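The structure displayed is predicted, hence computed values, not measured ones.
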Amino acid sequence: MENNNVIYGINGPVVTVKKADCFEMMEMVYVGKQKLVGEVIGITDDLTTIQVYEETTGLKPGDSVTGTGAPMNVLLGPGIIDNIFDGIERPLKAIEEQAGAFINRGASVSSLDEQKLWNVTLKVKVGDKVCGGQIYATLPETPVIEHRLMVHPELSGEIVKVMPDGEYKIFDTVAVLKDCEGVEHNLTLCQKWPIRTARPVKERLAPTIPLITGQRVIDTLFPIAKGGTAAIPGGFGTGKTMTQHQLAKWCDADIIIYVGCGERGNEMSQVLEEFSELIDPKSQRPMTDRTVLIANTSNMPVAAREASIYTGITLGEYYRDMGYHVAMMADSTSRWAEALREISGRLEEMPAEEGFPAYLPSRLAEFYERGGRADVLSGGEGSVTLIGAVSPQGSDFSEPVTQNTKRFTRCFWALDKSLAYSRHYPAINWMDSYSEYFNDLDPWFKQNLGDDFVEYRNKISALLQEESSLMEIVKLIGADVLPDDQKLVIETAKAIRVGFLQQNAFHADDTFVPLAKQKAMMKTILHLHAKSREIVAKEIPLSKILALGLFDKLNKMKYDIPNSKLEMFDDYNKEIDEKLDEILK
């Protein structure tokens with residue numbers, strides 16, 4: 001077919017084609033001689049507008065544009081895990097081998113290795129009736145992740161041919177399915193899926209199981225559910241990336257997808273290095289055996305930033321459909337919103353608040369809506385937890401991206417500059433943060449950790465609230481004028497802040513803390529507070545209690561008590577009782 005579709009105008013990543021009636025909305029196209037990947041984003045009777053996902057330098061009017069007849073999609077199959085992709089699922093390792101350290105434009109390398117042989121075990125036989133999402137074969141993708149090959153969600157029918165178990169490449173046919181109209185479909189080791197369309201599930205489930213992260217301030221005060229959504233807003237240098245690294249390393253998801261969206265290149269290379277050296281605590285294997293990285297650095301084309309978020313969530317949904325719990329870190333959604341703003345400006349659309357497009361809220365909602373826990377078509381249960389970092393300029397949480405993200409996420413972990421600068425990590429401010437998952441998760445906490453876990457958390461929150469209001473008075477008139485019972489609140493809150501909320505990512509016992517230890521730490525702090533309050537009520541001065549050094553000892557218990565020796569907390573509580581009883585005598 002003769003291609004009469006040629007470029008009419010070029011404005012950055014936005015290319016227009018005149019009088020082209022053969023393109024469909026959201027169709028993937030190839031632009032120019034180098035076949036740059038693009039997507040149709042606007043059609044009028046006169047002009048077709050295309051957003052190009054690669055650098056458009058060197059394109060000129062008159063260059064050809066070829067349609068593919070399909071939407072922008074990704075290839076899903078074995079080989080995704082332990083790989084590093086760019087924003088449109090091109091494998092960076094394979095491109096480096098082919099073209100050196102810099103990515104050539106129009107580099108067409110298959111997303112997955114087409115020559116690698118996979119050891120496939122078939123799960124169906126001739127005559128089986130199968131429907132969309134059903135597992136027809138499995139293979140070991142990495143030593144810790146079994147890849148389950150599923151019938152495309154839109155297909156169903158009868159299996160008419162099955163190959164023997166053995167080694168196959170990703171495009172080899174391992175079974176043949178005949179649909180109700182008698183058309184035969186080859187089932188291979190891979191399938192394609194459009195990135196802007198959510199994959200279907202049987203039923204969405206309530207978020208009733210917590211995602212355990214081992215970070216005390218999150219698990220105890222602001223928990224997130226499996227399949228939940230969270231935002232981590234914070235200004236420059238407050239530790240957003242660090243917090244997301246900790247969550248990626250330690251949270252109890254089966255698979256981690258880390259999307260570096262518009263981040264600095266050196267930050268992304270640090271992630272790559274760290275993850276390749278890390279040993280997964282569950283399997284004692286390298287962390288990369290269950291991690292997918294999407295690297296889309298700030299100097300890569302802007303439009304690909306916009307696609308990287310959708311690529312990441314589509315990969316996440318694919319593994320969710322196999323019955324895995326997936327956690328996706330998007331670092332950072334602000335850069336993604338900036339890409340939307342830039343492209344919107346090129347399209348000469350009406351800007352809304354701060355120049356962002358009017359559809360920013362709906363795009364954010366679309367993204368966060370794709371998280372969730374569900375009964376999947378393959379018969380199991382899976383979830384995608386979405387954790388998005390937001391980088392508001394000048395730490396201003398009233399800007400549009402933070403405010404709109406707040407509307408669509410149920411966890412808000414606000415990072416605080418002053419905490420970060422005073423070396424308090426994670427720098428999550430306990431006054432500005434919140435979690436809306438308490439009602440969903442409290443039954444789980446009560447069942448697995450006892451009723452008192454929730455009770456301790458509420459007491460700790462109340463003490464931090466009380467300290468905050470007392471500090472307002474202290475700023476005005478100093479601490480000396482406060483009565484002893486209020487001074488005690490300030491001392492206890494300090495022990496909570498330093499001994500409990502502050503955590504050391506580089507300390508073997510403190511980088512990940514199991515829930516049982518978190519509960520024991522809260523119990524010990526509250527026990528000391530309750531006993532001290534009895535003594536202060538008898539008008540014995542607080543200075544006598546402080547002289548015993550018990551509060552200082554609590555600040556160090558996170559290091560002094562190993563995660564495996566929780567019985568040592570009993571000795572701490574005994575020591576508190578003995579020393580305070582002496583004062584009473």
Side-chain angles (χ1 to χ4, degrees), residues 28 68-83 89 91 94 108-195 197-203 254-255 292 311 314-324 326 374-382:
M28 184 171 147
T68 61
M72 180 79 196
N73 55 42
V74 287
L75 187 65
L76 301 170
I80 291 173
I81 290 187
D82 189 17
N83 214 328
E89 211 207 10
S108 59
V109 177
S110 170
S111 301
L112 305 174
D113 188 341
E114 293 180 13
Q115 299 309 313
K116 184 168 178 177
L117 290 166
W118 298 94
N119 191 7
V120 179
T121 308
L122 280 119
K123 300 287 182 190
V124 289
K125 54 188 188 299
V126 172
D128 282 359
K129 296 269 190 290
V130 294
C131 53
Q134 200 166 325
I135 295 167
Y136 59 84
T138 61
L139 56 95
E141 182 169 2
T142 70
V144 292
I145 297 294
E146 176 191 66
H147 196 101
R148 297 159 192 164
L149 300 172
M150 300 167 288
V151 178
H152 195 283
E154 290 160 3
L155 272 184
S156 59
E158 186 182 339
I159 299 290
V160 291
K161 185 180 180 186
V162 175
M163 307 301 272
D165 292 355
E167 296 199 325
Y168 295 92
K169 297 175 184 172
I170 59 168
F171 288 112
D172 291 347
T173 301
V174 292
V176 178
L177 177 149
K178 187 190 259 184
D179 65 19
C180 55
E181 289 166 3
V183 180
E184 291 194 349
H185 301 268
N186 291 341
L187 300 181
T188 63
L189 309 194
C190 60
Q191 55 177 268
K192 288 192 168 179
W193 189 264
I195 60 174
T197 309
R199 286 175 65 90
V201 293
K202 217 181 267 177
E203 184 190 359
D254 303 314
I255 291 170
V292 186
T311 301
T314 306
L315 299 183
E317 288 175 339
Y318 178 59
Y319 282 97
R320 173 205 65 195
D321 291 351
M322 294 180 200
Y324 289 115
V326 181
D375 273 338
V376 291
L377 299 174
S378 63
E381 178 192 296

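Judged as a side chain to side chain donor-acceptor pair (under 3.5 Å), and not counting sequence neighbours, H152 has no contacts. Shown here are the side chain to side chain contact (heavy atoms under 4.5 Å, CB included) partners of A374, two or more places apart in sequence or in another chain: V201. Residues satisfying the side chain to side chain contact (heavy atoms under 4.5 Å, CB included) test with P71, not counting sequence neighbours, are P194. A search for side chain to side chain contact (heavy atoms under 4.5 Å, CB included) contacts involving P164 returns Y168, not counting sequence neighbours. Shown here are the salt bridge (Lys or Arg N to Asp or Glu O under 4.0 Å) partners of E381, two or more places apart in sequence or in another chain: R373. Shown here are the side chain to side chain donor-acceptor pair (under 3.5 Å) partners of T314, two or more places apart in sequence or in another chain: R370.
Nearest approach of G77 to Y319, heavy atoms of both residues: O-OH, 4.2 Å. Smallest separation of non-hydrogen atoms from W193 and A198: CZ2-O, 3.7 Å. Looking at every heavy atom in both residues, L189 comes nearest to P78 through O-CD, 3.1 Å.
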Do any side-chain atoms of residues 171-180 form donor-acceptor pairs under 3.5 angstrom with protein atoms, and if so which ones, sequence neighbours left out?
unit_1	atom_1	unit_2	atom_2	d
D172	OD2	K169	N	2.8
D179	OD1	E181	N	3.0
D179	OD1	G182	N	3.2
D179	OD1	V183	N	2.9
D179	OD2	H185	NE2	2.9

Report all side-chain donor-acceptor pairs from residues 131-138 shorter than 3.5 Å, counting only partners two or more places apart or in another chain.
unit_1	atom_1	unit_2	atom_2	d
Q134	OE1	C131	N	3.2
Y136	OH	T188	O	2.3

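Note: N73 CG to T68 OG1 = 7.5 Å, rounded to the nearest 0.5 Å. Atoms CG and CD1, on L75 and I80 in that order, are 7.5 Å from each other to the nearest 0.5 Å. Rounded to the nearest 0.5 angstrom, L112 CG and I170 CD1 are separated by 4.5 Å. Taking OG of S378 as the start and NZ of K202 as the end, the distance is 7.5 Å to the nearest 0.5 Å.
The closest side-chain heavy-atom distance from V292 to N83 is not below 4.5 Å. Between L315 and V326 there is no side-chain heavy-atom pair separated by less than 4.5 Å. With contacts defined as side-chain heavy-atom distances shorter than 4.5 Å, the pair R199/L76 qualifies. In this structure, L149 and L187 have side chains that are not in contact, with every pair of non-hydrogen atoms separated by 4.5 Å or more.
Among pairs with a residue in residues 147-168, those fulfilling salt bridge (charged side-chain N to carboxylate O under 4.0 Å, His left out) read K129-E158, E146-R148, at least two apart in sequence or across chains. The stretch residues 108-125 participates, sequence neighbours left out, in these salt bridge (charged side-chain N to carboxylate O under 4.0 Å, His left out) pairs: K125-D128.
Between H147 and Y318, the gap from one ring centroid to the other is short of 6.0 Å.
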side-chain contact (heavy atoms from CB on, under 4.5 Å) between L139 and V120, worked out: CA-CA 5 Å; L139 56 95; V120 179; 4.0 Å; yes

I145/Y324 under side-chain contact (heavy atoms from CB on, under 4.5 Å): CA gap, chis, key distance, verdict: CA-CA 9 Å; I145 297 294; Y324 289 115; 3.9 Å; yes

E89/S111 under side-chain hydrogen bond (donor to acceptor under 3.5 Å, both in side chains): CA gap, chis, key distance, verdict: CA-CA 6 Å; E89 211 207 10; S111 301; 3.1 Å; yes

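Q191 places a side-chain N or O within donor-acceptor distance of the main-chain N or O of M150, the cut-off being under 3.5 Å.
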